[in-house]
Amino acid sequence: MKRRYAVTLLVLALAAGGVAHAQDRFPRPEFKSDYATPTLQVPNAPDSVYEFIDLGVLAAAVIAMSAIALKLRSRNAIFVLSIASLVYFGFIRRGCICPIGAIQNVTLALADPTYAVPLSVVGFFLVPLAATLFFGRTFCAGVCPLGAIQDLVVLKPIKIPKPAAAVLGVVPFLYLGLAVLFTAAGIGFVICRFDPFVEIFRFGSRLEILAYAGVLLGIGVFVARPYCRFLCPYGALLSVLSRFSRRHVTISPTECVECRLCEDACPVDAILPPAGGAAGGTGEPRRASVRRLTVSVLLIPLLMAAGAAGGKLLEGFFVRLSPDVALQTALAAEKAAGTADAAEETRLFRESGETEAALAARVDRTKAVLSIGSALFGAFVGLVIALKLLGLAVPPANTSYVPDRAACVSCGRCFRACPQEHVRLRGRINSPTSLE
Amino acid sequence: MKSKKPGKNPKKKMTRREFLRVGARAGLALGAAGVAGGAFLRGRQTADLRWQLDPDKCIQCGRCATHCVLTPSAVKAVHAYDVCGYCELCSGYFKPNALLLDTAAENRLCPVSAIKRTFVEDPYYQYTIDTDLCIGCGKCVKGCQSFGNGSLFLQAMHDRCVNCNECAIARACPARAWTRLPASAPYMLKGKSRGSGDAKK
Ligand code: SF4
Ligand code: SF4
Ligand code: SF4
Ligand code: SF4
């Protein structure tokens with residue numbers, strides 16, 4: 001009983017003197033016994049060297065994948081390497097950091113002077129981009145763990161109607177634009193938050209994300225690689241670079257015999273049929289196609305201006321997505337209503353002792369970024385749509401079945417289906433010294 | 001390689017396309033290198049970064065236990081023994097209204113009984129956190145911070161933390177206590193340990 005009284009007194013006394021610095025309420029005891037004060041031990045972080053090892057593994061895997069897809073031309077080897085990559089970058093390294101997410105780190109480094117992006121993260125961002133300029137999207141073939149896991153479930157791919165695919169194909173660019181905008185404005189890393197597969201890699205428990213992954217993988221049985229084709233913001237970047245790549249996987253190792261077997265083999269509808277006449281035109285008069293081209297080029301500034309106006313209309317919506325803005329609004333509402341600490345967020349804000357001025361400064365920065373950024377975002381979307389239209393207006397030049405460099409993910413299914421490839425393989429068995 | 005190109009077009013057309021392609025490729029390469037190089041040069045950060053919370057800013061809201069992508073959280077309570085008063089009536093160990101000051105579970109603040117109380121000498125007790133049991137709820141930290149020396153505090157343990165690109169706790173932390181620290185010094189400790197493995201100079 002006496003002790004309890006003492007505690008109460010102690011608590012009261014301390015509560016009254018609560019402003020006293022926490023660290024000197026009780027003196028350090030002077031031990032009479034030979035008790036030695038233990039020192040605080042904390043586990044080391046894994047060595048930075050591992051990040052550079054990861055970067056090395058990434059570069060080696062992309063180069064190996066390029067060699068396999070372009071030279072060795074073995075779908076089985078692509079498959080094996082993609083499984084290895086899924087295990088390493090997915091389940092062992094647990095999905096962070098990845099090139100897709102690195103878009104945000106690079107953006108943040110450009111937008112926020114207090115953030116310094118580590119060299120290895122820049123490397124993760126750059127290596128697949130560089131490889132794609134040389135070899136096409138071999139990173140997507142299976143070095144990317146997100147691509148690899150989706151490729152595993154492609155069982156009954158169906159063809160998507162061209163117009164639907166074209167419209168859905170704009171979504172990754174929207175996602176890219178929003179991810180950059182939200183990172184720059186300090187709203188958050190949306191790519192990471194909505195990474196569908198990271199919960200699988202970490203055996204995590206966020207149910208909504210696991211459900212999202214389940215839906216994507218379920219759809220992915222029929223619509224191959226739905227994340228890669230209709231969501232992935234990094235894929236959007238890669239598809240642009242891949243158009244201009246130095247080399248690219250070829251379907252037939254020699255002459256295309258136009259058997260169309262590859263068309264059915266490609267799960268992502270990335271095979272372009274020959275464009276008709278030997279001149280590579282579509283048969284329509286040259287004047288008409290030139291006119292179409294001119295109109296499409298003139299459309300670029302028009303669509304960009306329209307996009308900028310549209311983006312500006314979304315500004316208010318973007319502003320409200322910022323947690324800082326939401327907090328400031330809630331604080332103002334409470335002040336107006338005279339009720340303090342009604343919501344958890346505002347109560348914790350007051351408890352944290354942060355000043356409203358600091359909050360206001362962050363809100364102002366967010367608003368300033370969004371004021372220009374939402375228009376830029378709109379203009380970017382306008383540009384993407386205009387360039388897609390321009391792409392439709394440029395007469396295709398291919399005279400046989402070729403992979404569409406933007407959409408092809410170098411998975412290797414088409415050349416396994418190509419009869420000329422079977423001729424090549426038989427030839428190789430007969431004369432094992434020949435590499436070609 | 002060249003000879004394998006299926007069905008070449010007439011030379012002139014091919015050349016123009018090829019020219020555009022090479023130009024675009026060079027432009028895109030420069031663009032990508034410029035963006036990445038610019039981003040890197042702004043900070044010149046060669047070391048890798050780790051998430052950590054500043055115990056002086058933390059208000060023990062409890063979100064460290066609930067918002068980490070790991071279950072249990074990578075955040076744990078740690079103890080700066082050289083700041084501790086070795087109190088018999090530890091306000092981080094006992095509930096303030098504990099009826100009997102024995103170590104029965106219902107008298108303890110810690111919901112998972114992760115704190116071990118060992119007798120040192122009269123009237124001093126040592127309090128040790130079992131990191132494997134601790135869920136990072138911060139209840140003990142709050143108790144110690146409010147009525148004690150503040151020797152208990154929370155830290156992200158870097159043998160567990162998977163170093164998310166955007167820490168899920170940092171996003172939710174109402175005290176904005178989280179920052180990225182160099183991987184070589186990824187802790188913000190209290191007491192004498194401050195400075196060892198600690199980024200604050
Ligand atoms: S490698 Fe062939 S099958 Fe695979 S995506 Fe490219 S064109 Fe389609
Ligand atoms: S979320 Fe922030 S305030 Fe809450 S316990 Fe963690 S560090 Fe402390
Ligand atoms: S009270 Fe919470 S933070 Fe403290 S040791 Fe127990 S579980 Fe860990
Ligand atoms: S970085 Fe990820 S694992 Fe580490 S404390 Fe934050 S949420 Fe948890």
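Below, chains carry the letters A, B, ... as their sequence lines are ordered, and counting in each starts from 1.
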### Query
Taking it one step at a time, do A:Tyr35 and B:Tyr81 satisfy ring pair (Phe, Tyr, Trp, His ring centres under 6.0 Å)?
CA-CA 12 Å; A:Tyr35 170 80; B:Tyr81 297 97; 8.3 Å; no

Hey, does [Y] have a side-chain heavy atom less than 4.5 Å from the side chain of [X]?
| X | Y | value |
| --- | --- | --- |
| B:Arg17 | A:Val394 | yes |
| B:Tyr125 | A:Pro29 | no |
| B:Tyr187 | A:Leu40 | no |
| B:Thr46 | A:Phe52 | no |

Greatest number of heavy atom pairs closer than 4.5 Å to chain A - which of [options]:
| options | value |
| --- | --- |
| B:Gln126, B:Lys76, B:Lys57 | B:Gln126 |
| B:Gly37, B:Cys164, B:Cys61, B:Ala183 | B:Cys164 |
| B:Pro174, B:Gly43, B:Cys87 | B:Pro174 |

Considering only heavy atoms, which portion of [X] lies under 4.5 Å from any heavy atom of chain B: side chain, backbone, both, or neither?
| X | answer |
| --- | --- |
| A:Arg93 | neither |
| A:Leu110 | both |
| A:Phe125 | side chain |
| A:Ser245 | backbone |
| A:Glu351 | both |
| A:Ile251 | neither |
| A:Gln41 | neither |

Relative to chain B, which of [options] shows the most heavy atom pairs under 4.5 Å?
| options | result |
| --- | --- |
| A:Leu119, A:Thr114, A:Val198, A:Val121 | A:Leu119 |
| A:Pro46, A:Ser205, A:Ala111 | A:Pro46 |
| A:Ser33, A:Gly204, A:Cys192 | A:Ser33 |
| A:Arg202, A:Glu199, A:Gln104 | A:Arg202 |

About how many Å separate [atom2] of [Y] and [atom1] of [X], when rounded to the nearest 0.5 Å?
| X | Y | atom1 | atom2 | answer |
| --- | --- | --- | --- | --- |
| B:Leu28 | A:Ser242 | CG | OG | 11.0 Å |
| A:Thr183 | B:Glu166 | OG1 | CD | 8.0 Å |
| B:Arg21 | A:Arg243 | CZ | CZ | 10.0 Å |
| A:Tyr115 | B:Arg180 | OH | CZ | 4.5 Å |
| A:Glu30 | B:Tyr124 | CD | OH | 8.0 Å |
| A:Thr39 | B:Asp82 | OG1 | CG | 8.5 Å |

Would you name the heavy atoms of [X] and [Y] that are closest together and state the gap between them?
| X | Y | answer |
| --- | --- | --- |
| A:Cys96 | B:Val162 | CB-O, 4.5 Å |
| A:Val117 | B:Ala39 | CG1-O, 3.6 Å |
| A:Pro43 | B:Met157 | CD-SD, 3.5 Å |
| A:Arg246 | B:Arg25 | CA-NH2, 3.2 Å |
| B:Asp48 | A:Ser120 | OD1-OG, 2.8 Å |
| B:Leu70 | A:Arg94 | CD2-NH1, 4.3 Å |

### Task
If a pair satisfies side-chain hydrogen bond (donor to acceptor under 3.5 Å, both in side chains) and one of its residues is in residues 130-140 of chain B, list it, with sequence neighbours excluded.
B:Asp132-B:Arg160

### Message
Quick check on B:Phe40 against chain A: is it the side chain, the backbone, both or neither that has a heavy atom closer than 4.5 Å?
### Response
both

Identify each donor-acceptor pair in which a side-chain atom of residues 127-134 of chain A lies under 3.5 Å from a protein atom, sequence neighbours left out, and give them as a table.
residue	atom	partner	partner atom	Å
A:Thr132	OG1	A:Pro128	O	2.7

### Message
Quick one: does any side-chain atom of A:Arg25 pair with a main-chain N or O of B:Asn149 as donor and acceptor, under 3.5 Å?
### Response
no

### Atom CZ of A:Phe31 with >12 non-hydrogen neighbours under 6.0 angstrom
yes

